[in-house]
Amino acid sequence: MKKEINGKTKIIGVIGKNIENSLSPLFHNQIILKHSLNFCYLPFKVTETDLSEAIQGIRALNIRGVNITFPYKEKVIKFLDKVEESARRIGAINTIVNNKGILTGYNTDVIGFKKSLQEDGKFTIKGEKAVILGAGGAARAVVYALLEEGIEEISIFNRTLEKAEKIKLALSPFSPKSRINIFPLEERRLKGKIEESHLLVNTTSLGMPPRVDNTPLPDEKLFHPDLLVYDLIYHPARTLFLRQAERAGAKIINGLPMLVYQGIESFYLWTGLKPEGKEVLEMIKKREGIRIK
Ligand code: ATR
């Protein structure tokens with residue numbers, strides 16, 4: 001199969017601050033090739049100062065749509081014309097669709113996170129307790145997904161407590177039966193909360209290149225074997241956080257399945273075609289040699 005760019009090619013892509021290691025261009029373009037679509041997926045590295053102009057550029061250049069990644073998932077909302085209902089509640093988006101100059105924001109991270117947990121097969125969210133590290137745009141989608149699935153309690157630990165508080169205020173009303181606790185990241189109650197939980201999720205950027213020696217949880221004794229430890233980061237495939245968890249006997253999952261599942265939902269919004277998630281995941285693992293689980 002040969003891909004030809006021509007005058008009718010529709011452009012899609014990803015906007016982020018550090019996207020050099022993004023796998024999105026690779027797998028979106030593979031899907032495009034496989035289905036012989038006249039699309040092309042490009043990486044757009046954008047600084048925060050240029051974010052507004054970059055979003056204007058989507059209209060100006062007639063780009064069909066983009067993914068939005070770290071750290072712009074919340075910041076970008078004010079530049080859009082419309083925001084889909086659940087994305088508005090969440091307060092973060094990861095997908096923009098351009099319909100004749102009208103830019104609409106969506107959040108496909110929620111479904112991406114849920115589907116990645118289903119991949120695991122055995123893990124059920126309902127009635128469980130979870131600890132979430134971080135309170136940025138990605139954390140908002142994770143919290144919302146867990147609430148929708150009937151989690152009993154979520155404890156959010158974040159360096160900036162006010163951001164965790166904002167999530168609690170915004171999302172608590174959608175699930176009155178679930179409890180949301182908030183703590184500073186260094187809080188001593190982290191130990192007790194992790195002990196009570198079966199799910200621990202890192203949504204912070206700690207462990208991403210270039211600071212791959214960083215971990216949100218330096219104390220390895222906090223992990224236990226009954227935990228499913230989830231890191232939203234997929235590069236490196238095994239962050240220090242996941243290696244610590246593995247040494248403690250916990251089950252681990254990295255951000256690759258979520259990347260794929262959110263990506264194919266975004267792909268569907270732009271093209272009307274929904275590829276098979278498992279197939280895409282296997283293709284990436286084969287190409288990149290990413291082994292996890
Ligand atoms: P995303 O959209 O990917 O979630 P984000 O909104 O910038 O990105 O959120 C990044 C998260 O990583 C935040 O929870 C941030 O903590 P703050 O709310 O205190 O900024 C967390 N984070 C980033 N660098 C950190 C560091 N050095 N120590 C602790 N937390 C950090």
Side-chain angles (χ1 to χ4, degrees), residues 3 5 9-35 37-77 79-80 83-84 87 90 92-99 103-113 116 136-138 140-141 203 205 208-209 232-237 254-271 273-275 277 280-281 283-284 287-288 290:
K3 183 174 173 183
I5 306 279
T9 303
K10 293 191 176 76
I11 303 299
I12 48 181
V14 55
I15 288 180
K17 188 176 172 187
N18 308 309
I19 49 171
E20 291 86 348
N21 298 311
S22 173
L23 286 176
S24 294
L26 170 86
F27 83 81
H28 281 281
N29 285 314
Q30 289 287 330
I31 300 168
I32 287 167
L33 265 182
K34 187 175 172 206
H35 296 276
L37 301 177
N38 198 358
F39 278 79
C40 181
Y41 189 104
L42 300 171
F44 298 110
K45 185 176 166 77
V46 172
T47 61
E48 192 165 342
T49 340
D50 291 334
L51 187 61
S52 160
E53 283 181 64
I55 302 304
Q56 295 294 335
I58 297 173
R59 279 192 206 94
L61 299 171
N62 195 28
I63 290 171
R64 172 63 180 140
V66 289
N67 282 130
I68 298 293
T69 188
F70 175 79
Y72 303 135
K73 289 178 177 180
E74 293 164 89
K75 294 183 182 87
V76 84
I77 287 187
F79 305 125
L80 304 179
V83 180
E84 183 267 331
I90 294 163
I93 66 123
N94 72 327
T95 308
I96 298 175
V97 178
N98 177 10
N99 270 325
L103 303 187
T104 307
Y106 296 84
N107 194 312
T108 67
D109 278 339
V110 174
I111 186 147
F113 182 72
S116 65
R140 283 175 170 263
T203 73
S205 48
M208 273 185 193
L232 261 47
I233 298 170
Y234 61 85
H235 181 88
N254 74 2
L256 187 64
M258 177 168 169
L259 176 84
V260 167
Y261 285 110
Q262 62 79 32
I264 61 181
E265 295 297 325
S266 304
F267 195 82
Y268 175 70
L269 290 170
W270 301 317
T271 67
L273 185 135
K274 195 177 291 190
V280 178
L281 204 47
M283 180 270 293
I284 300 181
R287 274 250 350 208
E288 295 290 300
I290 292 179

* To do: Would you name the heavy atoms of Pro257 and Asn254 that are closest together and state the gap between them?
  =>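 That would be CD-O, 3.3 Å.
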
### Query
Where do Val110 and Ala141 come nearest, in terms of heavy atoms and distance?
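Looks like CG2-O, 3.8 Å.
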
Let me confirm one number: the [atom1]-[atom2] distance from [X] to [Y], rounded to the nearest 0.5 Å.
X	Y	atom1	atom2	result
Ile32	His28	CD1	NE2	8.0 Å
Asn107	Ile68	CG	CD1	11.5 Å
Ile55	Arg59	CD1	CZ	9.0 Å
Ile58	Glu53	CD1	CD	13.0 Å
Ile111	Met258	CD1	CE	11.5 Å
Leu232	Leu259	CG	CG	10.0 Å

Practice prompt. Apply side chain to side chain contact (heavy atoms under 4.5 Å, CB included) to the pair Glu48 and Tyr72, showing each step before the final yes or no.
Written response: CA-CA 8 Å; Glu48 192 165 342; Tyr72 303 135; 4.1 Å; yes

Looking only at atom types and distance, does a side-chain atom of [X] sit under 3.5 Å from a main-chain N or O of [Y], one as donor and one as acceptor?
X	Y	answer
Arg64	Asn98	yes
Asp50	Val46	no
Arg140	Ile90	yes
Tyr234	Leu23	yes

Between Ile31 and Thr271, does a side chain to side chain contact (heavy atoms under 4.5 Å, CB included) hold up when you go through it step by step? CA-CA 11 Å; Ile31 300 168; Thr271 67; over 6 Å; no

Among Ser24, Ser22, Ser266, find the one that has a side chain to side chain donor-acceptor pair (under 3.5 Å) with Asn67.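 Filter result, single survivor: Ser266.
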
Using side-chain heavy atoms (C-beta onward) and a distance below 4.5 Å, is Trp270 in contact with Tyr41?
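When only atoms from C-beta onward are counted, Tyr41 and Trp270 do touch, with a gap below 4.5 Å.
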
**Message:** Using the salt bridge (Lys or Arg N to Asp or Glu O under 4.0 Å) criterion, which residues pair with Glu20? Sequence neighbours excluded.
**Reply:**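 Counting only residues at least two positions away or on another chain, Glu20 forms a salt bridge (Lys or Arg N to Asp or Glu O under 4.0 Å) with Lys45.
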
